[in-house]
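Working notes, beginning with the structure itself.
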2 protein chains.
Amino acid sequence: MSQGSEDHNAGTCEEPVELESLLGYQLKHLQSALRSTMDETLRPLELTTPQYNCLEQLRRRPGASNSELARGAFVTRQTMNTLVRGLQERGLITRPATAESGRVLPTRLTSAGVEVLDQAVSRVEAVSARMVSPLDDETRTIVTEALRRCIAALEEAEDG
Amino acid sequence: MSQGSEDHNAGTCEEPVELESLLGYQLKHLQSALRSTMDETLRPLELTTPQYNCLEQLRRRPGASNSELARGAFVTRQTMNTLVRGLQERGLITRPATAESGRVLPTRLTSAGVEVLDQAVSRVEAVSARMVSPLDDETRTIVTEALRRCIAALEEAEDG
DNA sequence: AAATGTATGTCAGAATACTTACATGAGTCA
DNA sequence: TGACTCATGTAAGTATTCTGACATACATTT
């Protein structure tokens, strides 16, 4: 604390901590590396990482709505909408033109989509395996659980 | 379509693993939450997270080149260039119009930039502290080290 | 039934970041 | 010196994602 604020040139000139020891920095670095590697891996299938995420979500929740997919992929509805359209035009997913009950248009994988997704999954799993290869089982569990707690800590106090 | 390969529904229908147990998923989730929280925290200062990262880099490496900043922030030179211009127009950083020796235009924080950055740093550190608050010191070390190893594993085999 | 609140899908525009491309300066090597 | 390589800065165009806005459909309340 201490906000005498006058004689504290500390704010700027102190070299606070090594970047590499900051979780946020490592997080961003790893995310960047993972994204690059995944894009590279998926390029032969003409899929981007967000597109893959969309298909993957759909595999786990067949018939999901656009908004549901968006929440699961941590993007906005609008972003997911453009994503869905692209995949729809390519024939990888289907979506009814009109809603059955509400406004929800349940989306599903086509057989072509399943085919592409199968290839994508095996590639992505290989990347994922490579990423965690330096960690033993116990460490993986610890890290995953730790990240889960960090997420909760960030989100709990947020109003929305 | 329908090819002989009907009886291997394994590729798609198997529910492979819980999403929450996948490191990549948790990574994305946490990154998303962190980004949102940081943007929210920095909004009163009229700074976005990328802009903050730029200033923060500059604090650690005064006189860094645009390309250097880009690498440190995991964005392209061009992206950092637009970022730098915006901050320059706002008077938070300075950049010589012409290069002294090579083509490098060393960038530095202005006193106004230092002032804003100081406020930003304290806010961001609060967010960061909240994020890691559920972890004890040992776990933080383990997680940070684990992420470092994952980064290395992803990057080592890459030609890029 | 009417009003309200919530969730969805979608359009339009702006912000953001990337890819491609080119020119310039410096270092290396013949 | 000249050719080659590499890194930098920048421009133009594209792609991606967001914010703001609006209409629709259902549930709840009055």
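Letters A, B, ... are given to chains in the order of the sequence lines, protein chains preceding strands, and every chain is numbered from 1.
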| So, is A/Arg71 close to the C/dT8 phosphate, meaning a side-chain N or O under 4.0 Å from OP1 or OP2? | yes
| task | Would you mind classifying the nucleic acid contact of A/Ser67 as base, sugar-phosphate or nothing, using non-hydrogen atoms under 4.0 angstrom? | result | sugar-phosphate
| How long is the line joining NZ of B/Lys28 and P of D/dT17, in whole Å? | 11 Å
| message | Side chain of B/Arg77 only, heavy atoms from C-beta on: which candidate in C/dC18, C/dG9, D/dG9 is closest? | response | D/dG9
| Distance below 4.0 Å between A/Asn81 side-chain N/O and C/dG9 OP1 or OP2 | no
| said: Regarding A/Arg59 and A/Glu56, does a basic nitrogen lie under 4.0 Å from an acidic carboxylate oxygen? | reply: yes
| remark: side-chain hydrogen bond (donor to acceptor under 3.5 Å, both in side chains) test vs A/Thr139 passes for just one of A/Asp137, A/Asp136, A/Thr141, namely A/Asp136
| Under 3.5 Å: donor-acceptor pair, side chain of A/Ser128, backbone of A/Val124 | no
| request: Look at the side chain of A/Gln51 against the base of D/dT16 and say whether a donor-acceptor pair falls under 3.5 Å; ignore hydrogens and angles. | output: no
| task | Respond yes when some side-chain nitrogen or oxygen of A/Thr76 is under 4.0 Å from OP1 or OP2 of D/dT17, and no when none is. | result | no
| note | Among the nucleotides D/dT8, D/dC18, C/dT10, whichever has the atom closest to the side chain of A/Thr79 is D/dC18
| message | With a cut-off of less than 4.0 Å, is there a side-chain N or O of A/Arg35 near OP1 or OP2 of C/dA17? | response | no
| request: Give a yes or no on whether a salt bridge exists between A/Asp39 and A/Arg43, defined as a side-chain N under 4.0 angstrom from a carboxylate O. | output: no
| Where the side chain of B/Val104 is concerned, which of C/dT10, C/dT8, D/dT8 is the nearest nucleotide? | D/dT8
| query | Between A/Arg43 and B/Thr48, who's closer to the 5' end of DNA chain C by nearest nucleotide? | reply | B/Thr48
| What nucleotide among D/dT17, C/dT20, C/dA17 has an atom nearest to a side-chain atom of B/Pro50? | C/dA17
| request: Starting at atom CG of A/Leu105, determine the distance to atom C1' of C/dA7, rounded to an integer number of angstrom. | output: 13 Å
| Does a distance-only test, which skips hydrogens and angles, find a donor-acceptor pair under 3.5 Å between the side chain of B/Arg103 and the base of C/dA23? | yes
| note | Of A/Leu83 and A/Ser101, the one whose nearest nucleotide on DNA chain D sits closer to the 5' end is A/Leu83
| Between the base of C/dG13 and the side chain of A/Gln78, is there a donor-acceptor distance below 3.5 Å? | no
| Using 4.0 Å as the upper bound for N to carboxylate O, is an ion pair formed by B/Glu89 and B/Arg85? | no
